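I have placed the structure first, in the form of structure tokens, so that the comments after it can refer back to it.
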Amino acid sequence: MQQVRTRFAPSPTGYLHLGGLRTALYTWLLARKYNGRFILRIEDTDQEREVPGSVELIYKSMRQAGLTYDEGPDVGGDYGPYIQSQRKDTYLPYALQLIESGHAYPCFCTKEELDKRRAETTQRGDTWKYDKKCLSIPKEEAKRRMESGESYVIRQNIPATGTAGFDDILYGHVEVSCDTLDDNVLIKADGLPTYNFANVIDDHLMAISHVTRGTEYLSSAPKYNLLYSALGWTPPLYIHLPVVMKDATRKLSKRHGDPSFEDLLEMGYLREAIINFIALLGWSPGTDQEFFTLEELIEAFDETTLNKSPAIFNMDKLTWFNTEYIRRLPFEEYLELATPWFDKTLQGVEIDYKRLAELMQSRTEVFNRIPDMVAFLKEVPEYEVGLYINKRSKTTVENSKEALEFILPVIEGIEPWSEPVIHDALMGAIADSGRKNGAVLWPLRIALSGQQSTPGGAVEIACLLGKEESILRIQKALKKLAAEV
RNA sequence: GCCUCCAUAGUCUAGCGGUCCAGGACGCCGCCCUCUCAAGGCGGAAACACGGGUUCGAGUCCCGUUGGAGGUACCA
């Protein structure tokens, strides 16, 4: 088997969206699985759509994702340059060769003319296809006009009859009738190639063995194979990947507010979780294993068992993966990652971050949810006294007030202020008084936090807050309750 | 409209003719644990789109219908 060389070829039009990330991942996996080479190529032949800075963003995202490439614009390689606009001069000779052999021809129709003719055709209800008008221009005349500086494009000359097809590792053999194919533009008026041409030339010149790309290219692949054979080249193996959807009918798109890879990282999703989730979106190892490192993915990946239908991106499942990965983080790493998020609402408050992190690690789903969860440590939020009413603990507004009055002196007497001491003091006093734990601890948590769900229980919260602050909060709560009774 | 592709629960999927009255995961619901939440333990509801074939036998093969996706640019 020849050396496996795969390529990820994004256009620099903005962020790396998740469908792109998945394509990149599978392409990378394929190369790594066969000890091949993974190449990054930038397809920037449409200069109008190019977004400044996005090339750098692609490099950065690839690194963050852990998808190292062996050849690419910023790492070099023997098949460069890897940015198509820098390869401008390599395409025209091949196009001229195709004109020579009759597989292409120059076209002098202007965009305006074409738009008009297209509009007329579709208005009649007919299917538009370029009518090969310029094909009938005698070669000598065409040559003269090209050299005279007249604006022109070069079109592929699709045979009027017969069929064209290609083989896909996933979809098998796909064959279409040539009369459904259009004479696409190969070289634009600005001299740059279209995707339709550049992908063929570059994939061949860069010795790409497997072409992986989205299914948006599935229906034009037969045309590309026509080009390969006109040039006398062997086409690569194809793997077309289904699109990633946001729901049953719409695809995921940054433009419609769906997060990009970068967005997810900023929100506090771990890269390992994103990769793991993405890998399983449209592919299954065939076993029940669901947690994979990149290394394990290389081992388990099988390009022939990819799913052929579009998959819907499920945020809940991603979040579940993230929660699991966060839980498995070494504690020190969690503390380091969580600290800036604690700071967002606890800046300036004296809180034992280490203890807080211990309480928070198993409760963190996404890092950006941390600030809201810990904000009560800085300040008790506004709350209704109804919070004191709890069925299971059998608490009411009245007996909560009584419970707090009972426990306040106990708390005032606790020394030193540490979790075990607080715990034993409270439990002892509650037991001695013949009360139920919940009857006292529930109101206490409400008084301390102003919310019914907190990371840790009353004891942990009290300890984090400190003795003075705890007492202050209980006194304040008593005032609030007194006003109600 | 035309061309191509796809079709198992709400979602991601296993299944490649009998071992499937369909397995796993997320989500959802219930119970246990418990000072809350989370975690953990136990349990539950939930799918082969439809109609024809082929076959002793079909989720699995074929055809059609329906539904969905992609394409139909001097965008990729």
Side-chain angles (χ1 to χ4, degrees), chain A residues 9-11 13 43-46 48-49 107 109-111 114-115 118 122 125-129 151-155 168 170-171 174-177 179-182 184-190 192-196 198-199 213-222 240 242-243 245 247-251 277 280-290 305 307-321 323 327 359-365 373 390 392-393 395 426-427 430 436-446 449 451-461:
Chain A
S11 291
T13 54
E43 309 221 325
D44 61 342
T45 56
D46 185 357
E48 288 182 18
R49 288 212 315 161
C107 170
C109 298
T110 64
K111 223 173 167 176
L114 290 170
D115 286 345
R118 180 165 27 231
T122 46
D126 291 339
T127 303
W128 163 260
K129 243 179 74 176
S151 180
Y152 69 95
V153 301
I154 297 175
R155 285 183 185 276
D168 187 282
L170 249 38
Y171 293 92
V174 177
E175 184 143 332
V176 297
S177 170
D179 59 24
T180 66
L181 267 21
D182 198 3
N184 283 136
V185 169
L186 265 22
I187 301 283
K188 298 183 277 188
D190 65 5
L192 282 166
T194 59
Y195 174 86
N196 299 320
N199 91 86
R213 50 154 74 128
T215 48
E216 59 266 34
Y217 301 108
L218 197 64
S219 32
S220 30
H240 287 90
V243 289
M245 309 290 285
D247 58 35
T249 58
R250 289 173 298 170
K251 71 171 167 184
F277 168 71
L280 263 20
L281 234 199
W283 173 75
S284 157
T287 65
D288 283 348
Q289 183 180 352
E290 47 195 353
T305 61
N307 215 297
K308 287 188 286 248
S309 40
I312 297 173
F313 184 88
N314 186 291
M315 203 67 174
D316 281 342
K317 186 135 191 189
L318 201 215
T319 300
W320 174 77
F321 267 114
T323 310
R327 193 168 301 147
L359 293 167
M360 288 291 292
Q361 185 163 7
S362 73
R363 289 168 236 257
T364 306
E365 297 183 310
M373 290 173 76
N390 180 269
R392 275 200 47 154
S393 302
T395 56
L426 292 184
M427 293 309 188
I430 292 168
K436 296 274 190 197
N437 287 342
V440 177
L441 295 172
W442 175 271
L444 181 55
R445 190 193 26 262
I446 304 294
S449 71
Q451 53 196 44
Q452 52 187 338
S453 113
T454 52
V459 172
E460 288 85 352
I461 297 167

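Per chain, numbering begins at 1; letters A, B, ... match sequence-line order. Note that the structure is predicted; figures quoted are calculated from it, not measured.
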Considering only the [atom1] atoms, how many Å lie between [N] and [M], rounded to the nearest integer?
N      : M      : atom1 : value
B:rC26 : B:rG40 : P     : 9 Å
B:rC48 : B:rG10 : P     : 9 Å
B:rG51 : B:rG67 : P     : 16 Å
B:rC50 : B:rG30 : C1'   : 35 Å
B:rA39 : B:rC28 : P     : 10 Å
B:rC16 : B:rC61 : P     : 11 Å
B:rU34 : B:rG41 : C1'   : 13 Å
B:rA45 : B:rC29 : C1'   : 7 Å

Interatomic spacing from CZ in A:Arg118 to NZ in A:Lys111 - rounded to 0.5 Å: 9.0 Å
Between [N] ([atom2]) and [X] ([atom1]): distance, integer Å:
X        : N      : atom1 : atom2 : answer
A:Lys317 : B:rG24 : NZ    : P     : 13 Å
A:Glu290 : B:rU11 : CD    : P     : 19 Å
A:Phe321 : B:rU13 : CZ    : P     : 12 Å
A:Leu280 : B:rC12 : CG    : P     : 13 Å

Test side-chain contact (heavy atoms from CB on, under 4.5 Å) applied to A:Asn196 - qualifying residues, sequence neighbours left out: A:Asn184, A:Thr194, A:Tyr224
Side chain to side chain donor-acceptor pair (under 3.5 Å) with [X]: which residues, sequence neighbours excluded?
X        : answer
A:Ser177 : A:Asp179
A:Glu175 : A:Thr163, A:His173
A:Ser151 : none
A:Asp182 : none

Residue closer to the 5' end of RNA chain B, A:Val174 versus A:Trp283 (nearest nucleotide): A:Val174
A:Phe313: partners by ring pair (Phe, Tyr, Trp, His ring centres under 6.0 Å), with sequence neighbours left out: A:Phe277
Contacts of type ring pair (Phe, Tyr, Trp, His ring centres under 6.0 Å), residue A:Trp283, not counting sequence neighbours: A:Phe301
Over 12 non-hydrogen atoms of neighbours within 6.0 angstrom of CD in A:Gln452: no
Contact letters for nucleotides 28-45 of chain B, in which S counts primed atoms plus P, OP1 and OP2 and B counts the base, heavy atoms under 4.0 Å: ------BBBBBS------
Nucleic acid footprint by protein, nucleotides 61-76 of chain B - heavy-atom cut-off 4.0 Å, B for base, S for sugar-phosphate alone: -------SSBS-SBBB
